Amino acid sequence: MAKFRSLCVAGVIALSGAMATAMQAQTVSRNFNSQPLKSVLHEIERQTKMSVIVNDINLNKRVTAKFNKTPLRDVLKQVLDESCEYEIADRIITIHPSRKAKQEAQQQGKKKMQTFKGCIKDDAGQPIVGASVTVVGQKSVATVTDIDGNFTLNAPEDARLHISYIGFNDKEIAANGKSFIDVMMDENSELLNEVVVVGYGTMKKKDLTGSLSAVKGSELAARRTTQLSTALQGSMPGVTVTRDNSAPGATAKIMVRGVTTIGDSNPLVIVDGTPGDINQVNPEDVESMTVLKDAASASIYGSRAAAGVILITTKRAKDGDLALNYNFEYGWEMPTKLPKYVGSQRYIEMVNETRYNDNPAGGKYQAYTEQQVNDWTRLNATDPDNYPMTDWQDILLKGSAPRMTHTIGIAGGTKNVKTKASFRYDKNDGLYVNKDYQRYMLRVNNDFHINKYIAANLDVTLSRSKTLSPTINPMGAAERKCPPIYAVRWQNGMWGDVKDGENLMAKLVDGGNITNWNNRIGAKAQVDITPFDGLKLSAVVAPNFQNYKIKTFSRQIPYTRADDPTKIAGYMGGHRTTSLKEDRNDNHDITTQFFANYAKSIGRHDFSVMVGYEDYYAFWENMNASRDQYKLNNYPYLDLGSSDFRDNGGNAEEYAYRSVFGRLTYSYADRYLVQANFRRDGSSRFAPDSRWANFPSVSAGWVVSEEPFFKKAKMPWFSYLKLRASWGKLGNERILDANGNNAYYPYQANMVFGSALMQNGATVNSMATAAQLVYAVNNITWETTESWDIGLDANFFDNRLHFSADVYKKNTRDMLLELEIPKFVGFSNPSVNAGRMHTTGYDIELGWRDNIGEFNYSVSANLSDFVSKMGNLNGTQFLGEKVKMEGSQFDEWYGYLSDGLFKTQEDLDNSS
């Protein structure tokens, strides 16, 4: 690689290269697009094998040119302007200033000097202290502004002044003999002017008063995860992402600022403005993701926002786009750490030790003889059926599982029509047999500019996934406790019995499988009307249609004994017959929205108003059927099962809510910020008299760094400081039944229908039955979470270093609990508004973002913690190894504390 070398004051740069052939034969082939002259000369040296020496010329000059086998002299003439001359001799190209350029420089030194005075201010009219003022081309002539933003500089009368200050765009001004120069600087803070998505609109990050975190889609896509929910892990403070497995297609659980209810604590997910599923979004399609964490930012979503809100914005085409992209990824999933198990020899020793500890009088070889303990390994070599040595973990699990992803992206855009389409295919294999996941995803986002008043969007999404699983999960703790002294297969190839039918490998391979198909199609149409500047009226309709099918086909698996491996001794547990069960679900939902946004600036006063209406309706229809005692093990279809062993069922549910909402923001001089939100929700889950609730919030911010006293403090390293505070109420109406499923009619006395066999003499008849199982409380209503937040945002060193911190408190009241009622009433416990919960916590984030030339980089770290404690539960306690009772933390571990072990008889005697 060529190297630059400075030679004395002249600034000579030498580029070393190899010897060349005859100079007359040298040509250059390369396209340069606004590249510095320094890079162009490097390329000339590389292609011609000649050395280049430059003396006192501008190497930062930008060059745009196309060369295709162009002679060297023609190339030099084109890339060098009239201020340069060159010579070629002895395989060296020498470039230096031309005679004309030297004369002009001499004349510049003889020009008349003048004393310039001026004042430098920001866009708000406040003086900038410590701004640098230099003369272009003469960096030694410089000064800085004083506490009032004033400067004085002696320079040539036709000089051009260069003004710079941290956090502002550099500016050049022609002096032109002026005696006083007023300069207004523009902020260059990309971080502060960054636009983030908020409820039903967008805002600049610097104008926010609530607590939220945002992450770019490119950062999420770079994590290369199949599910978008897992990509969110560790990306922002206050957002906890956990996974209980890494099976193909597995998703993650997301929690925003802790737990606020005993019921459903999943955050609300909004995709392009309408409710959606985070795992139905291709990570490559995400433009940005914003998490609303406090009441001030989330209360605009009212009844569903108590657990936080995740806003996902997908990518759209831009004017002039024309691109086709394809990406292929192939990798392997490998277990990071697995438990270690003892072998057969040590296992039988430990069994004997256990028996001895329980009954010392029985001797040390109660379960296995001394010969078995000493000779098990030797006997395995000649009689593996009676002396097995099985590493079950090694047999059940693979060392790795491949995964691959294909993605195709197409984008095209004109001024009036823009389209961005993407297709993705995922295939992930499991770490054990009969386990894989496949998914197809398609998204098409269209934007139409009708005229200056009307614009429209039309988006379509499709997805289809297929998950294949065995009828058991070998990763479960209970399934992985099989001792190593049981054979997987006998020597004749038949399945081993393993505790009378608990052979995990047999169930994995021959036990059948569970196949889950999930198909979804969604669309969103939006029309925006801008009757005049500042006002935008929007209408949105977004339907979704989904159906899924689950087919559980369990096969009969016989096993034999070691002493007679040709005779069926029984059938594996859970696989004594061949059976089939199918579950079908069809559902659809539709979201309708109408909202208006108006923004206006009057002098240093900025305000915006948003009002809207939203309607949501969802319908589910479920059906299931099953048959047993199949004669054929390879045909999973209902009509092949015995009609004497059949069952079926079905039901339907529907749910709706309606809302009106609004937001008002005000800013004075980008210094004092106020925001108020309001939402009124009505839900079909509650009785008409208890259906509606109001959810207000208010927040304020003080941008201290915009104050004159801050700017006069001469702290150029301190770029930005904002203090925030918020209060608000959020709601939760997602009620769960005793089985953890959504309860859509908890206030109604529902009848559950079924059937029973009734004997009438010698005849048995099936009779329809009906009963009310749950005691209904008619006046149950919303859970309400009241939230307080105090935070600050600070940036340093030209906004490259950023820091944010929040402390918060959340109190939930009217929490829905199942209160105990007397057994003789004959009903299950009803849900009532009877509980309280208190959550406190903090979020901290520290990050650095910068660039080195065209190389951009960033690094950040965040720290969060919360404590959720149970308040008054009206006597209800949730007991077990984890408890929820008044004064305890949510799901606090509960049990006896060990005081130690009795190691001697003296310890035992002293314990009484």
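Only a predicted model underlies this, so the values are computations on that prediction, with no experimental measurement involved.
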Could you work out, with side chain to side chain contact (heavy atoms under 4.5 Å, CB included) as the rule, every residue matching Asn352, not counting sequence neighbours? Tyr365, Ala367, Tyr368, Val373
Within 6.0 angstrom of Arg489 CZ, more than 12 heavy atoms from elsewhere: yes
Find the distance between CG (Asn547) and CG (Asn519) and round it off to the nearest 0.5 Å. 4.5 Å
By the side-chain hydrogen bond (donor to acceptor under 3.5 Å, both in side chains) test, which pairs, at least two apart or in different chains, include something from residues 625-635? Thr577-Asp628, Thr578-Asn633
Measuring from atom CG of Asp429 to atom CD of Gln438, what distance do you get when rounded to the nearest 0.5 angstrom? 8.5 Å
In this structure, are over 12 heavy atoms from other groups packed under 6.0 Å from Gln759 atom CD? yes
Partners passing side chain to side chain contact (heavy atoms under 4.5 Å, CB included) against Arg584 (at least two apart in sequence or in another chain): Lys549, Glu582, Met623
Side-chain contact, heavy-atom cut-off 4.5 Å: Tyr432 with Leu504? no
State yes or no: are the ring centers of Tyr559 and Trp495 separated by less than 6.0 Å? no
Is a salt bridge present between Asp891 and Lys884, judged by a nitrogen-to-oxygen distance below 4.0 Å? yes
Rounded to the nearest 0.5 Å, the CD1 atom of Ile590 sits from the CG atom of Asn544 at a distance of 9.5 Å
dist Leu508:CG -> Ile395:CD1 (nearest 0.5 Å) comes out at 11.5 Å
Flag yes if more than 12 heavy atoms outside Asn760 fall under 6.0 Å of its CG atom; otherwise flag no. no
Working note: Asn428 + Thr226, criterion side chain to side chain donor-acceptor pair (under 3.5 Å); need CA distance, chi angles, decisive distance, verdict. CA-CA 9 Å; Asn428 297 1; Thr226 302; 2.9 Å; yes
Answer yes or no: is there an ion pair linking Glu614 with Arg304, defined by an N-O contact shorter than 4.0 Å? yes
A quick test of your reading: do over 12 heavy atoms of other residues, nucleotides or ligands sit less than 6.0 Å from NZ of Lys466? no
Test item: Asn624 and Asn622 side chains (from C-beta on) under 4.5 Å apart, heavy atoms: no
What do you reckon, is CZ of Arg658 surrounded by more than 12 foreign heavy atoms closer than 6.0 Å? no
Could you pull out all residues at least two apart from Asp510 that satisfy salt bridge (charged side-chain N to carboxylate O under 4.0 Å, His left out)? none
Can you confirm whether Met751 is buried at CE, in the sense that more than 12 heavy atoms of other residues, nucleotides or ligands lie under 6.0 Å from that atom? yes
Under the side chain to side chain contact (heavy atoms under 4.5 Å, CB included) test, residues paired with Ala834 that sit two or more places apart: Leu817, Leu819, Val832, Asn874
Could you give all pairs that pass the side-chain hydrogen bond (donor to acceptor under 3.5 Å, both in side chains) test and reach residues 762-779, with sequence neighbours left out? none
Are Ser659 and Trp692 close enough that some pair of their side-chain heavy atoms sits under 4.5 Å apart? no
Less than 3.5 Å apart, any donor N or O on the side chain of Thr251 or Gln227 sitting next to an acceptor on the other? no
Test of ring centre spacing under 6.0 Å for Phe686 and Tyr747: no
Can Arg685 and Trp782 be said to form a side-chain contact (heavy atoms from CB on, under 4.5 Å), step by step? CA-CA 9 Å; Arg685 293 181 192 249; Trp782 309 84; over 6 Å; no
For Tyr440 and Tyr425, take the angle between the two ring planes, folded into 0 to 90°, and tell me which bin it lands in: parallel under 30, tilted 30 to 60, perpendicular over 60. tilted
Might you confirm whether atom CE of Met885 has over 12 heavy atoms from other residues, nucleotides or ligands at distances under 6.0 Å? yes
From Ile568, Asp500, Asp385, residue fulfilling side chain to side chain contact (heavy atoms under 4.5 Å, CB included) relative to Arg561: Asp500
Full working for side-chain contact (heavy atoms from CB on, under 4.5 Å) between Asn750 and Val774: CA-CA 8 Å; Asn750 294 327; Val774 179; over 6 Å; no
Got more than 12 heavy atoms from elsewhere within 6.0 Å of CZ, Arg346? yes
First locate atom CG of Asp586, then atom CZ of Phe619, and finally report the distance between them rounded to the nearest 0.5 Å. 9.5 Å
